[in-house]
Amino acid sequence: MAFPINRMRRLRRTEALRSFVRETRLSPAGFVYPLFVCPGEGVRKEVRSMPGVFNLSIDEAVKECAEVKSLGIPAVILFGLPETKDEKASGAWADDGIVQRAARAIKQEVPGLLIMGDVCLCEYMSHGHCGIVKKVGDDYEIVNDPSLDILAKTAVSQARAGIDIIAPSDMMDGRIAAIRTALDKHGFENTPVLSYAAKFASGFYGPFREAADSAPAFGDRRAYQMDPANLREAMREIELDLEEGADFIMVKPAIAYLDVIAEARRRFDVAISAYQVSGEYAMIKAAAQNGWIDHDRVMMESLLSIRRAGASIVLTYFAKEAAKLLG
């Protein structure tokens, strides 16, 4: 019908009406809070480029997890800062590794909280890459297949420590099949795998590399993380990971890749998560600190956009702040 019978503003007049017809809703039940766990005791060191985010010793991480659970957030994801690094990432798969010890402590003190384990090697490798490095003349190569063995060992070690969800983020080919096979072989056939299936080689990761002390010592990660230009390739990556046994998938980063999330939601009947990464968080924090934007409004709008695109799970450093606003 013609104007003025159709007046779209009728249902926008008041907050009560807007809320009543709202299509997309946020809930703390869809958040995952990332934690950076470091050696020591009583350590709570703020990450310079990520205000409100800290490197936490295990005792402090346990306290953080108790608060997370009290806010209705169901899960955390653990990243580890080991005491030492080497060229075979031994800290990643050691039974007494930093993530393994943190998981056991959290399970004991905060029962019922889901723990995701990031399975990647960059934090544990002396060179900061996500796989084994081989010298090729004057250049280098991140070798794929030998790296799979380490990733599989890391996944099994994390599962033994009580981690509920294995989340590989390395982007080696075949890693999901290798991890699934290893988990099943060691009796962890019921442990789900959340694949960072579409992880792009993004400039938005900078603050994370400070937080996790994981910047590459040479080169970059474009030879294994995805080219930001490629949407169709991202769908192929997701398809392959699901065929290899991934239970659900992740798109990373989130805000700059909403089209990837939306296309994945359209094509695949699995739970889809998205990681609102460190650079996306830091930009909002910095602009708000300068008085250029309304922090809470933009924070919530950014999270809503990720949900609206089709992600039912959002990994975000804003999880606690958003949960408090949602009440």
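Values below: every heavy atom of this structure, side chains too, minus hydrogens, waters and symmetry copies.
- Between the side chain of N230 and the backbone N or O of E233 there is no donor-acceptor pair closer than 3.5 Å.
- We find that K63 and D59 are not joined by a salt bridge, their nearest charged nitrogen and carboxylate oxygen being 4.0 Å or further apart.
- Follow the hydrophobic side-chain contacts under 4.5 Å out from I176 and you reach L242 in the same cluster.
- Taking a 6.0 Å sphere around CZ of R10, one finds it holds more than 12 heavy atoms contributed by other residues, nucleotides or ligands.
- No side-chain N or O of S57 forms a donor-acceptor pair with one of R44 less than 3.5 Å apart.
- Between M50 and K285 the shortest side-chain heavy-atom distance does not fall below 4.5 Å.
- More than 12 non-hydrogen atoms from other residues, nucleotides or ligands lie less than 6.0 angstrom from CD of E46.
- By the 30° and 60° cut-offs, the orientation of the rings of H129 relative to Y224 is perpendicular.
- Listed by chain and residue number, nothing satisfies the side chain to side chain donor-acceptor pair (under 3.5 Å) test with R104 (two or more places apart in sequence, or in another chain).
- Side chains of Q276 and S302: a donor-acceptor N/O pair is present below 3.5 angstrom, by distance only.
- The shortest side-chain heavy-atom distance between K199 and D170 does not fall under the 4.5 Å cut-off.
- No side-chain donor from either of D86 and S126 sits under 3.5 Å from a side-chain acceptor of the other.
- Note on V119 and L114: separate hydrophobic clusters, where clusters join Ile, Leu, Val, Met, Phe, Trp and Tyr whose side-chain heavy atoms are under 4.5 Å apart, directly or indirectly.
- Heavy-atom neighbours of K324 NZ from other residues, nucleotides or ligands within 6.0 Å: above the threshold of 12.
- Nearest heavy atoms, T24 versus L304: O-CD1, 3.6 Å.
- Here the closest heavy-atom approach between residue I163 and residue M116 is recorded as CG2-C, 4.0 Å.
- The backbone N or O of I249 lies less than 3.5 Å from a partner atom in the side chain of S273, making a donor-acceptor pair.
- E280 places a side-chain N or O within donor-acceptor distance of the main-chain N or O of V277, the cut-off being under 3.5 Å.
- Under the side chain to side chain contact (heavy atoms under 4.5 Å, CB included) criterion, L11 pairs with L17, V21, not counting sequence neighbours.
- Under a hydrophobic-cluster definition in which Ile, Leu, Val, Met, Phe, Trp and Tyr are linked whenever side-chain heavy atoms come within less than 4.5 Å, directly or via other members, V251 and L240 are assigned to different clusters.
- No donor-acceptor distance shorter than 3.5 angstrom exists from the side chain of K134 to the backbone of E141, with no hydrogens or angles considered.
- For C38, the side chain to side chain contact (heavy atoms under 4.5 Å, CB included) partners at least two apart in sequence or on another chain are V43, N55, L81.
- When the shell of 6.0 Å around CG of D227 is examined, it contains more than 12 heavy atoms from other residues, nucleotides or ligands.
- The shortest heavy-atom contact between A103 and I115 is O-CD1, 3.8 Å.
- In this structure, D247 contributes its side chain and L194 its backbone to no donor-acceptor pair below 3.5 Å.
- Residues K85 and H127 have side chains that never bring a donor and an acceptor to within less than 3.5 angstrom of each other.
- Checked by atom type and distance alone, the side chain of R265 pairs as donor or acceptor with a backbone atom of F268 at under 3.5 Å.
- For E41, the CD atom counts as loosely surrounded, since its 6.0 Å shell holds 12 or fewer non-hydrogen atoms of other residues, nucleotides or ligands.
- Checking side-chain atoms of Q158 against main-chain N and O of A92 turns up no donor-acceptor pair under 3.5 Å.
- At least one donor-acceptor pair under 3.5 Å links the side chain of N144 to the backbone N or O of D173.
- Evaluation of the side chain to side chain contact (heavy atoms under 4.5 Å, CB included) rule for R22 yields E15, R18, S19, R25 as partners, not counting sequence neighbours.
- Residue A167 comes nearest to I77 through the heavy atom pair CB-CD1, 4.3 Å, listed as atom of the first residue, atom of the second, then distance.
- Remark: side-chain polar atoms of S147 are paired, donor with acceptor, to backbone N or O of I132 under 3.5 angstrom.
- Residues satisfying the side chain to side chain contact (heavy atoms under 4.5 Å, CB included) test with K320, not counting sequence neighbours, are Y33, E64, E67, V68, L71, I73.
- What you find for V32 and A319 is that their closest heavy atoms are O-CB, 4.3 Å.
- Annotation: side chain of C120 is not in contact with side chain of F79 (no heavy-atom distance under 4.5 Å).
- The ring-ring contact (aromatic ring centres under 6.0 Å, His included) contacts involving residues 225-257 comprise F200-Y257, where partners must be two or more places apart or lie in separate chains.
- Within the 4.5 Å cutoff, the side chain of P168 has heavy atoms near those of the V193 side chain.
- Using a 4.5 Å heavy-atom threshold, the side chains of Q100 and D95 count as separate.
- Cation-pi check for K252 over Y275 is met; the charged atom lies under 6.0 angstrom from the ring centroid and within 45 degrees of its normal.
- Residue-environment remark: CD (E83) stays at or below the threshold of 12 foreign heavy atoms within 6.0 Å.
- Between the S157 side chain and the K153 main chain, no donor and acceptor come within less than 3.5 Å of each other.
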